[in-house]
Amino acid sequence: MFISIFIRIKYIMAGLFRRKKHTIAVVTAVIIWSISFIATKKAMTTFPPLTLGALRFIFATSLLGAVLFAKSGFVRMDFKDFSLLILSGSLGVTIYFSMENIGVKLSTSTDAALIIASYPAISIFLEMIIYDRKFLKISFMGILLAVAGVYLIVMESSSISGAYRLIGDIILAGAGVIWSFYNFMTRRFVNKYSPFVITFYQTAAGAVLFLPLAWTENKSWIPATSESLTACLYLGLFCSFFAFLLYAYGLKGLSSSSAITLMNLVPVLGVIFSTILLDEPVSNLQFIGGLIVISGIALTINSEKRKKI
């Protein structure tokens with residue numbers, strides 16, 4: 001078993017080095033996304049969570065729209081596709097990021113990075129239930145590992161910082177279900193429209209739907225500081241725009257398995273950056289929980305790939 005894992009890692013690493021430019025692009029996107037948890041925490045020192053979501057995606061929509069218009073113009077689509085894209089945007093942008101921002105505000109960016117690592121397992125588990133997908137026993141073991149890791153993180157967080165952090169962690173875990181349904185809906189369009197077109201319409205829909213939610217926080221609006229404004233701009237410019245472009249470019253030269261392997265670095269780097277830059281405490285049990293989550297994800301994804309071969 002260990003020999004086969006070593007051979008697989010060696011094969012992936014060899015492929016990554018052969019495609020340096022594409023690998024660097026994906027790694028850069030991963031680093032940008034890893035810092036997003038810190039930026040969210042910094043931005044919310046003055047921006048309420050729903051207001052932050054609205055500002056972030058209005059900015060990202062403007063940038064994506066400008067590039068799309070300059071590149072190929074706005075793509076026409078039938079009403080059904082347009083409606084489903086609007087719905088998926090409300091799930092993957094408005095609802096998901098509302099929950100993520102609120103979760104990070106109540107909890108920590110470290111918890112967010114660790115819990116979000118479990119989302120691939122949540123998606124695979126829901127696929128098994130909703131689409132009656134057959135699965136290997138090892139896939140189920142991986143899902144159970146990921147769930148056990150999240151449980152350790154959440155329970156340890158509540159003992160360290162109390163009820164608010166616990167509520168935040170539960171919200172972050174629940175956001176994984178929303179993210180899964182967003183992915184299920186987005187799959188309908190991947191072979192019909194370019195990733196850039198899909199992302200633009202979903203981001204635009206999510207930004208518009210964020211506006212009435214942001215207005216409910218108007219009594220909490222206060223002047224932004226240079227630090228919170230910079231963090232907000234980082235989320236819109238780098239996380240929702242540049243990182244997407246870098247990742248899309250990287251996928252042109254890398255296999256999906258290589259990209260997924262690199263994406264597993266997001267929670268690891270997220271915890272490292274949060275600990276260094278925000279001085280957030282991480283207990284030994286939380287660290288172990290994070291390792292269990294990542295191990296479970298690796299086991300599940302690897303078994304799913306083997307099943308497809």
Side-chain angles (χ1 to χ4, degrees), residues 30-45 47-50 52-53 56 92-93 95-123 125 142-180 182 227-228 231-232 234-235 239 243 263-298 300:
V30 164
I31 293 172
I32 290 172
W33 283 326
S34 300
I35 299 173
S36 69
F37 309 111
I38 300 171
T40 299
K41 201 75 174 178
K42 292 286 187 182
M44 284 192 292
T45 56
F47 296 108
L50 302 179
L52 175 62
R56 170 180 178 174
V93 177
I95 298 176
Y96 171 77
F97 281 98
S98 293
M99 295 178 71
E100 182 183 292
N101 288 354
I102 293 171
V104 171
K105 184 176 180 64
L106 294 174
S107 183
T108 66
S109 57
T110 299
D111 285 8
L114 293 172
I115 291 171
I116 287 172
S118 68
Y119 287 3
I122 293 174
S123 293
F125 179 69
I143 291 171
L144 289 179
L145 269 179
V147 171
V150 170
Y151 178 80
L152 281 178
I153 295 165
V154 171
M155 290 301 101
E156 179 68 359
S157 296
S158 65
S159 65
I160 293 174
S161 302
Y164 285 114
R165 187 169 175 179
L166 173 62
I167 293 170
D169 285 353
I170 292 173
I171 291 172
L172 287 167
V177 177
I178 300 298
W179 186 254
S180 298
Y182 159 75
E227 184 181 59
S228 65
C232 180
Y234 175 86
L235 290 169
C239 296
M263 283 298 293
N264 287 331
L265 292 173
V266 170
V268 177
L269 295 176
V271 171
I272 293 172
F273 289 138
S274 297
T275 304
I276 295 173
L277 300 178
L278 295 181
D279 196 27
E280 290 186 346
V282 183
S283 71
N284 292 333
L285 197 56
Q286 283 180 302
F287 181 75
I288 293 171
L291 290 179
I292 292 174
V293 169
I294 294 169
S295 299
I297 295 305
T300 303

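Please read these numbers as outputs of a predicted model, since none were measured by experiment.
With sequence neighbours left out, Tyr234 forms a ring-ring contact (aromatic ring centres under 6.0 Å, His included) with Phe238. The side-chain hydrogen bond (donor to acceptor under 3.5 Å, both in side chains) search around Thr110 returns Glu280, not counting sequence neighbours. Remark: Phe97 engages Phe57 in a ring-ring contact (aromatic ring centres under 6.0 Å, His included) (not counting sequence neighbours). Residues that satisfy the side-chain hydrogen bond (donor to acceptor under 3.5 Å, both in side chains) test with Ser180, not counting sequence neighbours, are Ser123. With sequence neighbours left out, Ile95 forms a side chain to side chain contact (heavy atoms under 4.5 Å, CB included) with Leu91, Met99, Ile178.
Of the inter-residue distances, the one linking Ile102 atom CD1 with Leu50 atom CG reads 5.0 Å to the nearest 0.5 angstrom. Considering CD1 of Ile115 and CG of Leu172, their distance stands at 5.0 Å, rounded to 0.5 Å. Note that the CD1 atom of Ile171 and the CD1 atom of Ile167 stand 7.0 Å from one another [nearest 0.5 Å]. The CH2 atom of Trp179 sits 12.5 Å away from atom CD1 of Ile122, with the distance rounded to the nearest 0.5 Å.
When all heavy atoms of Cys232 and Ala43 are compared, the closest pair comes out as N-CB, 4.0 Å. Closest non-hydrogen pair, Asn101 versus Gly53, comes out as ND2-N, 3.7 Å. In terms of heavy atoms, Ser274 sits closest to Gly270 at OG-O, 2.7 Å. The shortest non-hydrogen separation linking Thr108 to Asp111 is OG1-N, 3.0 Å. Nearest heavy atoms, Ala173 versus Tyr119: O-CE1, 4.5 Å. Between Cys239 and Leu235, the closest heavy-atom pair is CB-O, 3.2 Å.
Proximity of Leu106 to Arg165: side-chain heavy atoms (C-beta onward) are nowhere separated by under 4.5 Å. Considering only heavy atoms from C-beta on, Leu278 comes within 4.5 Å of Ser109 through its side chain.
Each salt bridge (charged side-chain N to carboxylate O under 4.0 Å, His left out) pair with one or both residues in residues 35-45, not counting sequence neighbours, appears once here: Lys42-Glu227.
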